[in-house]
Participant: 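Sharing a structure below in structure tokens format, with a few things to ask.
Quick note: numbers below take in every heavy atom, side chains included, and nothing from hydrogens, waters or symmetry partners.
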Amino acid sequence: MLNSFMSYLGSTVTPGEAGNQFWALIYVLIIFTGVSVAVICMNWLERKALAHFQVRLGPMRVGPHGLLQPIADALKLMLKEDIIPAEADQFVFWIAPLIGLLAAFTVYTVIPFGPSQAVSDMNIGILFMLGVSSLGVLGIVVAGWASNSHYPLIGALRSSAQMVSYEVAMGLAVVSAILMTSMNASGTGTLSMIGIVQAQQQQGVWFIFKFFPLGFIAFAIFAIAMVAETNRAPFDLAEAESELTAGFHTEYSGLRWSLFMLAEYAAMIAVSSIAVTLWLGGWMRPFPNLLHAPAWDFIFSLFPGITFGGLAAIAFIGTARMPSHSFFKIQRIGLAVFAALLGFLALLLLVIAVAGHSADASLAARFREGIDYVYWFVLKVAVFMYLFIWYRATWPRYRFDQLMKIGWKVMLPISIGVLMLTAIWALVEPPLWEWMRAHI
Amino acid sequence: MVPITTLHYLVVAAALFVLGVIGVLTRRNVVIVLMSIELILNAVNLNLVAFSRMWGNLNGQVFAIFIVVDAAAEAAVGLGILIAFFRNKETINVDEIDLLKW
Amino acid sequence: MIPVATPWFFYVLAGLAVASGLAVITRRNAVHSALALIVTLLSVAGLYLMLYAPFVAGVQIIVYAGGIMVLFLFVIMLVNIDRAAKERQFNRMWPVGLVAAGTLFALFLSAFLKGKGLFPDRMMRLAEASNTQEIANMLYGEAGRMGQYTFAFEIASLLLLVAILGAVIMTKKKI
Amino acid sequence: MNVNDDTARSHLDRSNLDRSNLDLETPEKPYLDANELIINMGPQHPATHGVLRVILKLDGEKVLGTECVIGYLHRGVEKIAENRTYTMFNPYVDRMDYVAAVSNGLGYCEAVEKLMNVEAPARAKYIRVILTELNRVASHQLWLGTHALDIGAMTPLFYTFRDREEILKIFERYCGARLTTHAFRIGGCQYETYAGFEKDVKNFLTFVAPKIDEYEELLTTNRIWLERTRNVGVVSGADCVALGVTGPVLRASGVQWDLRKAQPYAAYSDFDFEIPIGENGDTYDRYLVRMQEMRQSLRIVEQAVNAIPEGPIMAKVPKVIKPPVGEIYHSIEAPKGELGYFIVSDGSTQPYRLRVRPPSFVNLQALDIMVRGALVADVIAVIGTLDIVLGEVDR
């Protein structure tokens, strides 16, 4: 037992590949906890960022700057009465949020946070991800049907039509990225998530910049389709609150409703992870090939510490700026403790970075590497998360027919065109280089 | 524990196949009849993939993929017929679809 | 990689598949049937994974569970289920059908038992990592040659096109 | 277009106003596809601007017809008037269109003044114009915020509320109330302007002009906004006239009809302003017209505040108001359209009958012809663009 526990520590493959069930379980637990925490953070961040977009403050009362608001919300939702309408289909109503949640969380088993920081490296990784995330629509459809009410039903029909349509464009955009992985000596591509990032590493370019502008167009299509896929503004027709009151989850309340929210945010992080993996170099730090000297490695490995240090500094400034009134005393102490925690984390990360730099191939070095990978991956995903909030603050909502028009008449043809052009380019480019090398 | 052999998979596939056949033969609801057909196709797929592993070549898996394609086409057309039928007769019971025209 | 194809997995997945398959044909409500069918499909996908057919498993999840079943649910919502659920569920010939199906199952089993020698007890280890690539080679051909199934593949795409057109024409109210 | 054109009147008989095919009693067909799905939108619905109930007959997402059910906010304002003296009734009118209470008060006071043959002094008239136009801006800002929210753009709501706040602050400093102001009295204004009123108004003018550009920046050229509003809820000028629709909805359909120009009341004849009109009569045009109206209102306020005359603010009005026997109809251009008061006096201290012509109520009639054949989402957009206030619809 201890043997298998220790034996994995030195390995450089995912626990799934190493066949180490124990570490796989640990990774699953870490990732699921991490995702849940990320959803909570995202909840707070969305409310705050959205509030600041809209010249208001957002939550300020529960904890300093509303930091404890998500926890209070979660408590409230858990304690709230969980109403099941009398005419609803009890069993299906009960199971619908779980389907969505399960689909959203299962996806995380193949997301590569680093070359070995994933539960498993399936060689059909991306196929698995698309497939399982497409199961999420079942939860929505079934929830709308089981509520036995008109608004949820319309919401469910809308969202199922929407998700199925945008999956097509999404899939084709993904295929064009997968095609790019085959641009190596053997001419063999890969569907494995880790393999895709490694292909970008080998080719020395993020796929967003590959075959410019084809990679970028494919990425843009994916970026639009993924907003539609997760039912977020401006494609949030399924839960358009001004039209369908709340769409498919109109009849849901309490914990079950919060499960839908959890699934939605988890799905947002999941699709952003796909985009990051396919087009933005996954766990790679910027310019790994150009700035590959150990010194650069060291500098970039300081980033996690610096980020947390910056957050701590912001929290400290917030503490200092709090009104000096006895009413704010507890809040001030809370924020100071929070800032101190962040600062401690920053210090820890910096120490690890320095220790990992000095001692090669030690546990610290491996630790530092892992932190680096996860940090860059999470940073890229966080950018997408911010974009989701930004979209929501800026844009009105599309109408259903316009949404369908964009999906089928704009995105699908463009993605097919990009796919064909990518294939042609991939065919033409190597011989062209050969020819140029020979003649020029 | 007995190691799992091809035969195990064949028995599962046979069970699914028979369940599908029962569904097709006895149910009245067309939607469920169509779903039973999916069960049958899945049983066949399971057989093909099991044999593919037994013989160590991939022909069976390729066939399975073709069957999935066929299932998609069948579902689309079947459900299309169902909707057209429902629009005209307002029933989805298979034993009321005994006229070839109306 | 250590194979995870332990018998336990097989028995659980097989049991799930058969049990939910039974639910598919017995449920009164079509939505429940559809949900049961989804469970069956996912367990069968798990069985494919155990048979070293990851690509087929992926296709099963994407096309069946994510595509076809959504279509089914969509149609179930379009037609009125409430009335259908109140009616008689089985047709009058159900004993005949049951007997016929039982006979079929007995036939299968006897064939399996009698022909046990025909099925070698071996289970080949298929190359899992290159599974997708090998399937692609068979479908599309490799190194400039036409694959074994390229023609069939094209026919299949044509079949899909015809199916799309047929479905659209049939369901459109006014053409 | 000439409003008195006979062809416009006869438009009422045209088939697109035919309501006979809206049979809400049809039993539900058993399937959703060729169905008539009947949906109850409201009275508790986030986007019906209060307690409007719209029964929608849908074919999938397509609207086959609508039926408005109103009266959830009915308070019997007109009946109350018969039991109150003219002075006592004055605050009640504020509660009809509560986002444009100043306009309501202006219409009522002017109607009674007209009935009594009294004229408010020039200074009172100018104060009335300033406050009314500020209120128009506030009303349009509220409309813009809620309309954009209905269409899915959350942010403009908070921007407009932030700026509307400045107007409400001016009201509060002037008369102590923010929403239901009761700013005017029969015969003039009760309150003299507070010290620094002019400065506040001028500050507000310089403050809000760039903000209106800000709203426009967010929406006017936004592709999604354009797609959601262009050719949505189209209503022709002739239809508008036939239905009695007034206000920005009428002007967006290309009919240049504004009571401030057509029959100037208060001091409007003194000011130079334009009447913005639209071309297509769609939701986008109505949006543009209202945005322009805000700017024009600011222009009027600027002129008025620069030229505000000195003098009394109250005309000679008896303590007990007893208008002579007779009847009067007086209408003003409220932010939402023509707000008219028809008062029958029997010579006593209370009106014998008082009838309000509320713009929201009349404009709401256009909902059906605007959304028929459109999608559910358009119903929301159209309810928003009609700019109804249920307090005024139901009274």
Participant: For side-chain contact (heavy atoms from CB on, under 4.5 Å), just list the numbers for Val271(A) and Met170(A), CA-CA rounded to whole Å, side-chain angles, deciding distance to a tenth of an Å, and then say yes or no.
Facilitator: CA-CA 11 Å; Val271(A) 284; Met170(A) 199 172 175; 4.0 Å; yes

Participant: State, to 0.1 Å, how close Ser147(A) and Phe248(A) come at their nearest heavy-atom pair, and which atoms those are.
Facilitator: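 Smallest heavy-atom distance, with atoms named: OG-O, 4.2 Å.
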
Participant: Taking every non-hydrogen pair under 4.5 Å, which of Val164(A), Val142(A), Val141(A) racks up the most with chain C?
Facilitator: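 If we count pairs closer than 4.5 Å to chain C, Val141(A) comes out on top.
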
Participant: So which bits of residues 56-68 of chain C come within less than 4.5 Å of chain A, counting non-hydrogen atoms only?
Facilitator: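 Interface residues of residues 56-68 of chain C: Gly58(C), Val59(C), Ile61(C), Ile62(C), Ala65(C), Gly66(C).
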
Participant: Run the side-chain donor-acceptor check on residues 34-50 of chain C: report pairs under 3.5 Å with partners two or more places apart or on a different chain.
Facilitator:
from	atom 1	to	atom 2	distance (Å)
Thr40(C)	OG1	Ser20(C)	OG	2.9
Thr40(C)	OG1	Gly21(C)	N	3.4
Thr40(C)	OG1	Ala36(C)	O	3.0
Ser43(C)	OG	Val39(C)	O	2.5
Ser43(C)	OG	Thr40(C)	O	3.4

Participant: Check for a donor-acceptor pair, side chain of Tyr108(A) on one end and backbone N or O of Ala266(A) on the other, with a separation under 3.5 Å.
Facilitator: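 Present.
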
Participant: For residues 89-104 of chain A, which side-chain donor-acceptor pairs fall under 3.5 Å, sequence neighbours excluded?
Facilitator:
from	atom 1	to	atom 2	distance (Å)
Asp89(A)	OD1	His32(C)	NE2	3.0
Asp89(A)	OD2	Asn29(C)	ND2	3.4
Asp89(A)	OD2	His32(C)	NE2	2.9

Participant: Which residues pass the side-chain hydrogen bond (donor to acceptor under 3.5 Å, both in side chains) test with Ser192(A), not counting sequence neighbours?
Facilitator: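 Listed in chain order: Asp121(A).
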
